[in-house]
Colleague: 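Attaching a single structure in structure tokens format; questions to follow.
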There are 2 protein chains.
Amino acid sequence: MNTYQQQAKVFQALAHPTRLRILELLAREGEACVCHLVAALNKRQPYISQQLTTLRKAGLVTDRKDGLLVHYRLSDERVGDFLRLGKDILRAQGIEVQSGLALTVPLPGCTCPRCQTGQEPCE
Amino acid sequence: MNTYQQQAKVFQALAHPTRLRILELLAREGEACVCHLVAALNKRQPYISQQLTTLRKAGLVTDRKDGLLVHYRLSDERVGDFLRLGKDILRAQGIEVQSGLALTVPLPGCTCPRCQTGQEPCE
DNA sequence: AGTCTATATTCGATTGATTGAATATAGTAT
DNA sequence: ATACTATATTCAATCAATCGAATATAGACT
């Protein structure tokens, strides 16, 4: 596979609304467990796991296992800059681009232990 | 269509080897006519036109008509920065990412008037 | 008018991405 | 062991993207 095919694969992974939301969330939060992403995005868990697998295969995120929980983060902090630059370019075209909201902690609907006790998410 | 769907559309337009090569070429050359892209990438003309239409609809390039010729350029100079940042991130993952070669002028195989007389391409 | 040249569009077949549903895995606790 | 919980995987149906072939448009020149 050549350079451009590899680049195209990564952009393909980015070309998905839910995956973009996940990345933006990770850029803002630093790290998040799957249960938080499920609660924050209000999607079914297998669906979120599917998208995380796509992002992992594209090399955009890494995972860290911690008992039953799995925490995800951006594989490179510059992925956050990259997304921001993308948004800036869209804004320059006159397209409305709002940034997602910060997560409240504890996250309502999140079942992980930390959220049950009102502490920082999954840390 | 929401913010993330719009962003995803743009990434979708980027998720294609030939389109990436076109953008990289435009980032380096500033402007190029269709015939140059056809000659430089060694693809059939309708195929290049299809890809340019996709890029235009995504807002990534603009066109300027000049007689029979149509010149394309990046709609925003930051699109070039954006692609470079994407490549840097890939390199940090240990992925080989070479940059495309500069175009020789006149372009062998290009039939446009300027190339026939050995001048700057299509300007 | 006709003709040539550069570029664009349409259509259809194939391929690839998406996503819901069901199921699997692997830690943890009893 | 058994049961529970968080996460991952598989499969199949649907939907969207790709690309070759053919054709269309539109400006320039006789």
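Order of the sequence lines sets the chain letters (A, B, ...), proteins ahead of strands, with each chain counted from 1.
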Colleague: Could I get the full list of side chain to side chain contact (heavy atoms under 4.5 Å, CB included) partners for A:Ala15, not counting sequence neighbours?
Modeller: B:Phe11, B:Gln12
Colleague: Separation of B:Leu52 atom CG from C:dT7 atom C1', in whole Å?
Modeller: 10 Å
Colleague: Report the residues that fulfil side chain to side chain contact (heavy atoms under 4.5 Å, CB included) with A:Pro17, sequence neighbours left out, ordered by chain and then residue number.
Modeller: B:Tyr4, B:Gln5, B:Ala8
Colleague: Holding to side-chain hydrogen bond (donor to acceptor under 3.5 Å, both in side chains), I want the full list of residues that pass it with A:Thr62, two or more places apart in sequence or in another chain.
Modeller: none
Colleague: Please report, rounded to the nearest Å, how far the P atom of D:dT5 is from the NE2 atom of A:His36.
Modeller: 18 Å
Colleague: Going 5' to 3' along nucleotides 21-30 of chain D, which nucleotides have protein heavy atoms under 4.0 Å from the base (write B), which only from the sugar-phosphate (write S), and which from neither (write -)?
Modeller: BB---BBS--
Colleague: Rounded to whole Å, please give me the gap between CD in A:Gln5 and C1' in C:dT15.
Modeller: 15 Å
Colleague: Which whole-number value in Å describes the distance from A:Lys57 NZ to D:dT10 P?
Modeller: 8 Å
Colleague: For DNA chain D, whose closest nucleotide is more 5', that of A:Gln12 or that of A:Val38?
Modeller: A:Val38
Colleague: As a test of reading the structure: which of D:dA8, C:dT19, C:dT7 is closest to the side chain of A:Val70, going by heavy atoms?
Modeller: D:dA8
Colleague: If you check the A:Arg56 side chain, which of D:dT7, D:dA8, C:dT7 turns out closest?
Modeller: D:dA8
Colleague: What is the distance, to the nearest angstrom, from the OH atom on A:Tyr47 to the P atom on C:dT19?
Modeller: 4 Å
Colleague: To the nearest Å, give me how far apart NZ (B:Lys9) and C1' (D:dA17) are.
Modeller: 10 Å
Colleague: Could you tell me the separation between the CD1 atom of A:Ile48 and the P atom of D:dT9, rounded to a whole number of Å?
Modeller: 15 Å
Colleague: Nearest-Å distance, CE (A:Met1) to P (C:dG16)?
Modeller: 13 Å
Colleague: What pairs with A:Ser49 under side-chain hydrogen bond (donor to acceptor under 3.5 Å, both in side chains), at least two apart in sequence or on another chain?
Modeller: A:Gln45
Colleague: Given 3.5 Å as the limit, does a donor-acceptor pair link the side chain of A:Ser75 with the main chain of A:Leu60, or not?
Modeller: yes
Colleague: Pick base, sugar-phosphate or nothing for A:Thr53, based on heavy-atom distances below 4.0 Å to the nucleic acid.
Modeller: sugar-phosphate
Colleague: Could you tell me whether the phosphate oxygens of D:dT7, OP1 or OP2, come under 4.0 Å of any side-chain nitrogen or oxygen in A:His71?
Modeller: no
Colleague: My understanding is that only residues two or more places apart in sequence, or in another chain, count here; which of them pass side chain to side chain contact (heavy atoms under 4.5 Å, CB included) with B:Lys43?
Modeller: B:Thr18, B:Leu41, B:Tyr47, B:Ile48
Colleague: If you compare every side-chain N and O of A:Tyr72 against the phosphate oxygens of D:dA8 (OP1, OP2), does one of them come in below 4.0 Å?
Modeller: yes
Colleague: Is the NZ atom of B:Lys9 crowded by more than 12 outside heavy atoms at less than 6.0 Å?
Modeller: no
